[in-house]
Amino acid sequence: MKKQLLAITVITTLGFAGQSMAVDAVSPARDGTKPMIGFGSGAAVGALIGGPVGAFIGGFTGVWIGKSVADEEALASQQAELQQQQQQLQVLAKRSANYESLSEQHSRLNAQLNQLKAAQQQKLDELAIGLNVQFKTGSSLIEPHFKQQLDDVVYAMSLAPDLKLDLAGYADRQGDASYNQALSEQRLAEVRRYLIDNGIDASRLHSRAFGDTAPLNAEASLENNFFDRRVTLKLSSERGMLAAQ
């Protein structure tokens, strides 16, 4: 009995000493308190049951149990941290997917818009092919047939406020060059006045007179002179010009 009490006293003292050493040796990564507590508790229980030999066996068993508990807690902490990182990665992946989807939609809409602008400009170019006001020799009077054509231009511009109109005045090569320049300017002024009187703002009209310096054909003839006595009209869109730039 005395031997058993002596063994308990010694083992308990060793347990307390082990606990003190364990406290001093705690590292940031893992706390050694649990294994050392397990050693002291196991030793005390082992001493009561099996004497000195039981005390040592119980002590080491307690250390193993305490270490297992500490390892399990560390593993659980690591698993929780890993799960949190996985959740963050899932959130980032979802945001990235949403951004790529929005980027694709933006690119697709831009492509469609550019196609619409190109189609609109093509239609305007096709319309401009026949937009010429022809004049009689030495005259700046707009004939009724061409007034109807100008009315169509006014209507088109009223439907699309962004449309602009480029006007160019010409004369044939008969007569003096200075007279032909003045005649082309007068023809241009008549067409501008008609458009403005019918509701087109002057800021939407750009005009320039060329006299007889820009004939359609190199050879002068009765037919060629007829086509040189003209004011040409070309519709353009601000949106189309911006798209081209």
J.: Can you list the residues that meet the side-chain hydrogen bond (donor to acceptor under 3.5 Å, both in side chains) rule with Ser107, with sequence neighbours excluded?
T.: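 None.
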J.: Using the ring pair (Phe, Tyr, Trp, His ring centres under 6.0 Å) criterion, which residues pair with Tyr170? Sequence neighbours excluded.
T.: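 With sequence neighbours excluded, Tyr170 shows a ring pair (Phe, Tyr, Trp, His ring centres under 6.0 Å) to Phe210, given in chain and number order.
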J.: Connecting only ILVMFWY residues whose side-chain heavy atoms lie within less than 4.5 Å of each other, what is the rest of Leu92's hydrophobic cluster?
T.: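 Answer for Leu92: none, a lone residue.
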J.: Is the shortest side-chain heavy-atom distance between Arg204 and Leu163 below 4.5 Å?
T.: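 Yes, at least one pair of side-chain atoms sits under 4.5 Å.
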J.: Using a 4.5 Å cut-off on heavy atoms from C-beta on, say whether the side chain of Gln134 contacts that of His145.
T.: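 Not in contact.
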J.: Answer yes if the side chains of Gln79 and Gln83 hold a donor-acceptor pair under 3.5 Å, and no otherwise.
T.: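 There is no such pair between these side chains.
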J.: Is it possible for you to say whether Ile200 and Leu188 belong to one hydrophobic cluster, with membership spreading through side-chain heavy-atom contacts below 4.5 Å?
T.: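 They do share one cluster, since a chain of ILVMFWY contacts under 4.5 Å joins Ile200 to Leu188.
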J.: Under 4.0 Å between a Lys/Arg side-chain N and an Asp/Glu carboxylate O for Asp172 and Arg229?
T.: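 Judged by the 4.0 Å cut-off on N to carboxylate O distance, Asp172 and Arg229 do form a salt bridge.
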J.: Mind checking who shares a hydrophobic cluster with Leu89, ILVMFWY linked at side-chain heavy-atom distances under 4.5 Å?
T.: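 Grouped by the 4.5 Å side-chain rule, Leu89 forms a cluster of one, so the answer is none.
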J.: In the structure I gave you, are the side-chain heavy atoms of Gln148 and Asp152 within less than 4.5 Å of one another anywhere?
T.: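 Of all side-chain heavy-atom pairs linking Asp152 with Gln148, at least one is under 4.5 Å.
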J.: Do Leu141 and Glu190 come within less than 4.5 Å of each other through their side chains, counting heavy atoms only?
T.: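 A side-chain contact under 4.5 Å is absent here.
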J.: Going by the side-chain contact (heavy atoms from CB on, under 4.5 Å) test, name the single residue among Leu131, Val191, Val133, Val231 that passes it with Phe146.
T.: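 Of all the options given, the one that passes is Val133.
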J.: Write down the atom of Asn180, the atom of Gly175, and the distance for their closest heavy-atom approach.
T.: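 Closest approach of Asn180 to Gly175: ND2-O, 3.7 Å.
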J.: Provide the closest heavy-atom pair for Ala209 versus Glu185 in the form atom of the first, atom of the second, distance.
T.: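 Minimum heavy-atom separation between Ala209 and Glu185: CB-CG, 3.3 Å.
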J.: Within a 6.0 Å radius of atom CZ on Arg208, are there more than 12 heavy atoms belonging to other residues, nucleotides or ligands?
T.: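 Open.
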J.: Would you say the side chains of Gln90 and Gln86 form a donor-acceptor pair under 3.5 Å?
T.: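 No - no donor-acceptor pair under 3.5 Å links their side chains.
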J.: Could you tell me the separation between the CG atom of Leu195 and the CZ atom of Arg193, rounded to the nearest 0.5 Å?
T.: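 Reported value, rounded in 0.5 Å steps: 11.5 Å.
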J.: Does the side chain of Asp151 pick up a donor-acceptor pair with the side chain of Tyr194 at under 3.5 Å?
T.: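 Side chains of Asp151 and Tyr194: pair found under 3.5 Å.
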J.: Membership question, hydrophobic clusters at under 4.5 Å side-chain separation (ILVMFWY): are Leu165 and Ile196 in the same one?
T.: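 Linked within one cluster.
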J.: As an exercise, state the distance from CG of Asp212 to OG of Ser178, rounded to the nearest 0.5 Å.
T.: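 That separation rounds to 9.5 Å.
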J.: For Leu167, does its backbone N or O pair with a side-chain atom of Arg192 as donor and acceptor, under 3.5 Å?
T.: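 No, Arg192 side chain to Leu167 backbone: no donor-acceptor pair under 3.5 Å.
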J.: With rounding to the nearest 0.5 Å, note down the distance linking CG in Leu150 to CG in Asn198.
T.: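 One gets 8.5 Å once the value is rounded to the nearest 0.5 Å.
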J.: Decide yes or no for Arg230 and Thr232: does some side-chain heavy atom of the first lie under 4.5 Å from some side-chain heavy atom of the second?
T.: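 Arg230 reaches Thr232 side chain to side chain.
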J.: Do any side-chain atoms of residues 215-227 form donor-acceptor pairs under 3.5 angstrom with protein atoms, and if so which ones, sequence neighbours left out?
T.:
{"unit_1": "Asn217", "atom_1": "ND2", "unit_2": "Asn224", "atom_2": "OD1", "d": "3.2"}
{"unit_1": "Ser221", "atom_1": "OG", "unit_2": "Asn224", "atom_2": "N", "d": "3.2"}
{"unit_1": "Ser221", "atom_1": "OG", "unit_2": "Asn224", "atom_2": "ND2", "d": "3.1"}
{"unit_1": "Asn224", "atom_1": "ND2", "unit_2": "Glu219", "atom_2": "O", "d": "2.7"}
{"unit_1": "Asn225", "atom_1": "ND2", "unit_2": "Ser221", "atom_2": "O", "d": "3.1"}

J.: Report the residues that fulfil side-chain hydrogen bond (donor to acceptor under 3.5 Å, both in side chains) with Asp201, sequence neighbours left out, ordered by chain and then residue number.
T.: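 By the side-chain hydrogen bond (donor to acceptor under 3.5 Å, both in side chains) rule, Asp201 matches Ser203.
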